Amino acid sequence: MARTTPRLRSTFAAAAAIAAALGGVTAITPMAHAAGSAAAAATPLSPELEAIRAAEATKIYGDPAVRPLADRKTGLISLGDSEISGEGTGNYDPATNTSANQCHRSPDSAIHRTGIPADFTFNVACSGGYTGNIRIGGSKQYADELIQSDSLAIKARNTKIKMVLLVAGANDDLQFGPVMTDCVSRWMLSQGTCEPKYGPGWQARVDGLRPKVEATVADLKTVMRDAGYADADYKLVVMGYPSPIGPDFNDNPNFPGKLPGGCAGYDSDAAWGRNYAVPTFEKGMRAAALASGAYYLDDSRLFNGHEVCMEDTWARGLYLDLGDHFPWDENTARQSFHPNYRGHGAFASCLTQLYDSGLREGSCADPASTGTPVLQAGAWDDLYKPLKNEATGNCADTTAGSSANGTAVLGWDCHGGRNQGWWYDATRKGIHVELTQDRCLDVPGANYGAGTGLIIWNCHGGANQQFVRNGSTIRPQAAPGMCLTVGAAHEAVRLQTCNGSANQRFI
């Protein structure tokens with residue numbers, strides 16, 4: 001993977017260059033052969049597509065025949081936009097990195113790196129793609145590209161497809177790339193935050209894209225049925241989008257600064273994106289997946305702790321390709337804010353775990369900042385709950401909605417905000433705040449004495465971040481005689497000797 005730093009000539013020139021699309025002909029990677037059931041009769045392809053299919057079959061098998069499903073080599077395929085094409089890795093198939101084709105497909109993209117056994121992996125996603133470039137009867141994105149559903153129709157007849165992965169929606173009503181471009185430009189030109197501009201209409205954008213994603217899933221199922229598959233013969237997975245930027249970069253001991261690190265933007269916009277824009281988008285994607293009968297992978301929190309400007313970042317920051325695009329054009333900054341090599345590795349791990357789990361939906365994140373994604377059953381929306389104190393009626397709350405290291409935890413009026421949502425990781429015994437998967441309830445300095453106030457800190461899985469529930473009490477595992485206590489409304493959550501009082505019970 002190419003690793004270079006942003007090349008910035010001037011603030012105003014860079015801002016002008018950020019008018020980029022933020023959004024995979026086909027890479028084939030050999031991988032174990034699996035038997036399958038006999039296929040139903042396939043609907044004939046158009047002469048144009050049949051010619052392409054026959055040529056590909058000859059390349060794979062030595063002749064153009066369509067084989068029975070049980071006799072085919074196996075395959076995995078990804079469709080969608082830049083989030084899954086490989087944009088941001090810096091390593092692209094040369095045919096998709098030209099002035100006439102900017103799909104930016106990468107051999108490092110997630111579909112080529114899963115642990116799901118398959119003979120071939122196909123990436124037909126394309127940077128900048130929207131659902132109209134995927135659906136049956138849609139439009140070609142570039143002259144030398146097929147509509148992505150047509151590519152699927154060909155692959156489904158030449159191989160036994162085990163998984164169809166769809167990542168799409170960001171380039172429909174949401175226009176995620178242009179919004180992020182504007183947010184960065186406004187910061188660079190000191191024009192004020194972008195949240196007031198986009199926040200009020202964000203839900204409407206999500207509502208607009210949802211039926212388009214549902215219709216796309218329905219079309220992909222039709223393509224597979226026309227190719228002779230029953231719905232149970234493969235898994236169709238809709239994957240969401242992770243948040244590439246967050247507001248906690250100042251906690252990175254090696255934070256290089258916003259421009260050198262590529263996390264250009266207002267702090268409050270970064271918080272809005274992580275705390276509202278991406279979660280709202282995720283809810284829409286989840287609803288579309290469930291309504292259309294697809295499998296769903298919620299990775300909205302996957303990059304928490306690995307955002308741009310954080311330690312071990314899994315996303316590429318602001319990147320201006322001035323060498324290949326000079327004078328500046330619409331492609332100059334298109335690689336910005338996309339998963340890098342490590343990010344696609346995280347996607348691949350999560351997809352493998354979901355495929356092997358038997359779950360219809362799962363959520364993936366790095367729960368203890370180890371660099372290893374872990375799948376949880378269900379979606380994050382259902383996993384976070386408030387911790388309400390029985391005596392005060394208050395909820396455990398991070399002060400002022402902050403997720404910075406050292407933020408005090410208080411008992412505060414319950415309002416359902418993300419700074420009052422908590423998830424107990426039963427395996428690691430950590431308690432995560434809903435603001436970010438990367439911050440956990442913490443006993444500072446491992447001081448388990450009476451009166452110690454609780455804070456949140458970067459999750460690390462250490463003893464001072466391990467808690468157990470004993471009835472309705474919450475106790476440090478290292479000091480089971482001490483209980484989390486809220487003395488009175490709006491006071492800090494502290495450790496006190498367990499005494500059975502209502503102030504120590506959380507419901």
Side-chain angles (χ1 to χ4, degrees), residues 251 301 304-305 363 365-370 372 374-378 380 382-399 402-414 417-507:
D251 287 335
R301 295 172 170 274
N304 285 177
S363 299
D366 179 4
S369 298
T370 62
T372 302
V374 177
L375 186 76
Q376 307 291 331
W380 291 122
D382 299 333
L383 298 177
Y384 279 81
K385 308 292 182 184
L387 292 174
K388 186 174 183 180
N389 186 262
E390 186 176 305
T392 66
N394 287 167
C395 290
D397 174 296
T398 64
T399 305
S402 174
S403 56
N405 278 342
T407 299
V409 179
L410 309 174
W412 203 259
D413 304 339
C414 299
R418 294 172 71 84
N419 65 321
Q420 292 187 350
W422 303 87
W423 170 63
Y424 182 62
D425 180 354
T427 300
R428 295 157 199 82
K429 304 188 185 307
I431 301 177
H432 297 251
V433 67
E434 191 173 2
L435 289 168
T436 171
Q437 203 72 15
D438 194 44
R439 293 292 183 267
C440 287
L441 193 66
D442 183 287
V443 180
N447 178 7
Y448 302 107
T452 297
L454 279 291
I455 62 172
I456 57 170
W457 195 266
N458 180 52
C459 301
H460 52 68
N464 64 322
Q465 291 187 352
Q466 295 179 19
F467 297 85
V468 294
R469 294 213 63 152
N470 186 331
S472 56
T473 65
I474 301 173
R475 311 174 184 221
Q477 180 169 262
M482 307 300 291
C483 286
L484 270 62
T485 306
V486 181
H490 301 173
E491 287 192 0
V493 177
R494 300 182 183 278
L495 291 181
Q496 298 291 353
T497 301
C498 297
N499 58 24
S501 69
N503 297 79
Q504 296 181 345
R505 295 197 292 269
F506 293 84
I507 55 177

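Position 1 is the first residue of the sequence, and the numbers go up from there. The structure displayed is predicted, hence computed values, not measured ones. Side-chain atoms are counted along with the backbone in the values below, which use heavy atoms only and exclude waters and symmetry mates.
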*Should T398 and W422 count as side-chain neighbours, where that means a heavy-atom distance under 4.5 Å?*
yes
*How many angstroms lie between OG in S403 and CG in N458, if you round to the nearest 0.5 Å?*
11.0 Å
*Say whether, by atom type as modelled, one donor and one acceptor occur between the side chain of Y448 and the main chain of V443 under 3.5 angstrom.*
no
*Between the side chain of E390 and the main-chain N/O of I507, is any donor-acceptor distance below 3.5 Å?*
no
_Could you tell me if the side chain of N464 sits less than 4.5 Å from the side chain of W457, heavy atoms only?_
no
*Once you round to the nearest 0.5 Å, how far does CG of D397 lie from CG of L387?*
11.0 Å
*Shortest non-hydrogen contact from A368 to G461?*
CB-N, 4.3 Å
*Closest non-hydrogen atom pair, I455 against P444*: CD1-CB, 3.9 Å
_Exercise: do S402 and T407 side chains pair donor with acceptor under 3.5 Å_ = yes
*asked:* Which residue in the set L410, N394, T392 passes side chain to side chain contact (heavy atoms under 4.5 Å, CB included) when paired with H490?
replied: N394
_Whether the side chain of H432 engages the backbone of W423 through a donor-acceptor N/O pair (distance < 3.5 Å, no angle test) should be reported._
no
*Report the distance from atom CD of Q376 to atom CG of D382, rounding to the nearest 0.5 Å.*
13.0 Å
*Apply side chain to side chain donor-acceptor pair (under 3.5 Å) to the pair N499 and S501, showing each step before the final yes or no.*
CA-CA 6 Å; N499 58 24; S501 69; 2.8 Å; yes
*Check: T399 side chain, A408 main-chain N or O, donor-acceptor pair, under 3.5 Å*: yes
*asked:* Checking the side chain of T473 only, and the main-chain atoms of C483 only, is there a donor and an acceptor separated by less than 3.5 Å?
replied: no
*Report yes if the side chains of F506 and S472 come closer than 4.5 Å at any heavy-atom pair, otherwise no.*
no
*Minimum heavy-atom separation for D251 to N405, with atom names?*
OD2-N, 2.8 Å
*Rounded to the nearest 0.5 Å, what separation is found between the SG atom of C459 and the CG atom of D425?*
9.0 Å
*What distance do Q465 atom CD and Q477 atom CD have between them, rounded to the nearest 0.5 Å?*
13.0 Å
*Could you tell me the separation between the OG1 atom of T370 and the NE2 atom of H460, rounded to the nearest 0.5 Å?*
13.0 Å
*asked:* If we ignore hydrogens and angles and just use 3.5 Å, is the side chain of N503 paired with the main-chain N or O of G487 as donor and acceptor?
replied: yes
*Can you find a heavy atom in the side chain of I431 that is under 4.5 Å from one in the side chain of I474?*
yes
_Flag side-chain contact, heavy atom, 4.5 Å: Q504 against R475_ = no
*Just one of V409, D442, L435 clears the side chain to side chain contact (heavy atoms under 4.5 Å, CB included) bar with I456, so which one?*
V409
*asked:* A side-chain contact here means heavy atoms from C-beta on lying under 4.5 Å apart; do S369 and D438 qualify?
replied: yes
*Which atom of Q437 lies closest to which atom of A365, heavy atoms considered*: CG-CB, 3.5 Å
_side-chain contact (heavy atoms from CB on, under 4.5 Å), that's the test. Do V468 and K429 meet it? Break it down for me._
CA-CA 7 Å; V468 294; K429 304 188 185 307; 4.2 Å; yes
_Intermediate values then yes/no, side-chain contact (heavy atoms from CB on, under 4.5 Å), W412 and N419_ = CA-CA 10 Å; W412 203 259; N419 65 321; over 6 Å; no
*Check whether any side-chain N or O of T436 sits under 3.5 Å from a backbone N or O of N304 as a donor-acceptor pair, and report yes or no.*
no
*Kindly give the heavy-atom pair with the smallest separation between C498 and P480, and that separation in Å.*
SG-O, 4.1 Å
*Can you tell if the side chain of Q420 reaches within under 4.5 Å of the side chain of C414, non-hydrogen atoms only?*
yes
*Compare every heavy atom of G453 with every heavy atom of R494, then report the nearest pair and how far apart it is.*
NH1-N, 3.9 Å
_Determine whether a donor-acceptor pair (N or O, by modelled atom type, separation under 3.5 Å) exists between the side chain of R301 and the backbone of E434._
yes
*asked:* So V374 and R428, do their side chains get closer than 4.5 Å, heavy atoms only?
replied: yes
